[in-house]
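Data block below; observations after.
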Amino acid sequence: MKVLVINSGSSSIKYQFIDTENKVPLAKGLVERIGMSSAILTHAPAGKEKIKIVGEILDHSIAIEYVIAVLLSKNHGVIKDKSEIDAVGHRVVHGGETFSGSVLINEEVMQALKDNIELAPLHNPPNIKGIEAVTKHLPGTPQCGVFDTAFHSQMPAYAYIYGIPYELYKKYKIRRYGFHGTSHLFVSNRAAALIGKPLEDLKIVTCHLGNGCSIAAVDHGHSIDTSMGFTPLEGLLMGTRGGDMDPSLILYVMSKEGLSLAEANTLMNKHSGLIGISGESSDMREIESALAEGNKKAKLAFDIFTYRIKKYIGAYIAAMGGIDALVFTGGIGENSELVRQAVCENMEYLGIELDVEKSGSRPDGEVLISQPNSRVQIYKIPTNEELVIALDTEKIVSEQFSNVAK
Ligand code: ADP
């Protein structure tokens, strides 16, 4: 099956057109600066030259129209007719408590997505726009929603209920949901395959470290705890988000600085984390360059970042009663040897022994980076959320058609 995977953000749409049989993208690309007169579409068809188109793309509907056009284009396209797009899979950030797995999108599902907007006001509206745009330009093509929260939906109540009056959970669904589920699921599955054991027999800690960062305890195939919570703000230190903190400090800063709710929200989501502490950058590469030059605040930001990961690994080993594998993924997890080294330092007593040389030698792809005698297998594994979305979409659409046929 050929599946178009769409990850629709507020001003960008990432896409991959994947042949699920060979599990390879036939084309991938990105539309950036949607809403502006100088929007950019970058399209990379497999085996052909990458192209860049700059022009006015005022909304998500036009962006999807361009994506379809470029997939069809004579010189840079990979299909001859729209009907070759068998299905479309969408990344949807927040499934709330409604969705514990991927679903075929219909009117009922759209309504449920709209009902969940309050839980993810920044993420779900652009996801919905992406679905509506596809409905308009590819009418009749089946579409599926794959949720960032779904893999964590089996967490036990003691891991997801906050220590606030229980009525608030009942009334407003305030609880921990967790995000990056598709990535945690993908890399834990890959780690099991590399180890050569079923995922159901393993205890794995997965660290997704990108601009947003989260860590999960994957116990016998289920995420039993994860660091992001009600929103993607909780947990690890991130590029622009501070992660765990005493909630009363927000009220204190608001009163001291006279901040509105919107300003406090911006402070927490955009001006905290690596950028807030270092004053330099939210980008780990720049933090690493600054600390190499002796920048003390960059060093502090780096130390907080890695210390927090180390603490969570310890906590999740305790939660699972052991660990067989530790996985690093995401832009930082896959590429930053300095981060992996700092996180794994002095963890030998837990059976975690990084092979610094292997970890630093930077081969691409899935690499075992623990020492041969390490009790815990340590891996760096490139994540592939798009493939998970494509395969889930294929499964759901095939099931739907076989049900209809019956
Ligand atoms: P997103 O969460 O937006 O998908 P990515 O997973 O691409 O982001 O991760 C982006 C982060 O990865 C940035 O902080 C970037 O600095 C970091 N990164 C990418 N390459 C390297 C590298 N070689 N060394 C250190 N950090 C890196």
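Quick caveat: nothing in here was measured; it's all calculated off a predicted structure. Numbers here are sequence positions counted from 1. In each ligand, atom 1 is the first atom listed, and ligand 1 is the first ligand listed.
Of the protein's non-hydrogen atoms, the one nearest atom 2 (O) of ligand 1 is Asn211 N, 2.9 Å. Protein heavy atom at the shortest distance from atom 17 (C) of ligand 1 is Ile332 CG1, 3.5 Å. Among protein heavy atoms, the minimum distance from atom 20 (N) of ligand 1 is reached at Asn335 ND2, 3.5 Å.
Atoms of ligand 1 lying under 4.0 Å from any heavy atom of Ser336, numbered from 1 in the order shown and given with element: 25 (C). Residue contact check: Asp283 has heavy atoms under 4.0 Å from atoms 14 (O), 15 (C), 16 (O) of ligand 1. Ligand 1 places these atoms under 4.0 Å from at least one heavy atom of Gly212: 2 (O).
Under 3.5 Å, the side chains of Thr135 and Gln143 contain a donor-acceptor pair of N or O atoms.
Not a single N or O atom of Gly210, backbone or side chain, sits closer than 3.5 Å to an N or O atom of ligand 1. Looking at His208 next to ligand 1, no N or O pair under 3.5 Å apart turns up. Backbone and side-chain nitrogen or oxygen atoms of Gly331 are examined, and one is located within less than 3.5 angstrom of a nitrogen or oxygen of ligand 1. The distance criterion of under 3.5 Å between nitrogen or oxygen atoms is met by Arg285 with respect to ligand 1. The shortest N/O to N/O separation between Met284 and ligand 1 falls below 3.5 Å.
The shortest distance between side-chain heavy atoms of Ser370 and Glu353 does not fall below 4.5 Å.
The ring of Tyr169 has its center closer than 6.0 angstrom to the ring center of Tyr166. Ring centroids of Tyr177 and His94 are separated by less than 6.0 Å, placing the two rings close together.
For atom 4 (O) of ligand 1, no protein heavy-atom neighbour is present inside the 4.0 Å cut-off.
Counting only residues at least two apart or in different chains, side chain to side chain donor-acceptor pair (under 3.5 Å) contacts with residues 65-77 are absent.
Considering every non-hydrogen atom in both Cys344 and Ile352, the closest pair reads SG-CG2, 4.0 Å.
Between Arg340 and Glu337, at least one side-chain nitrogen of the basic residue sits less than 4.0 Å from a carboxylate oxygen of the acidic one, meeting the salt-bridge criterion.
Listed by chain and number, the residues in a salt bridge (Lys or Arg N to Asp or Glu O under 4.0 Å) with Lys136 amount to none (sequence neighbours excluded).
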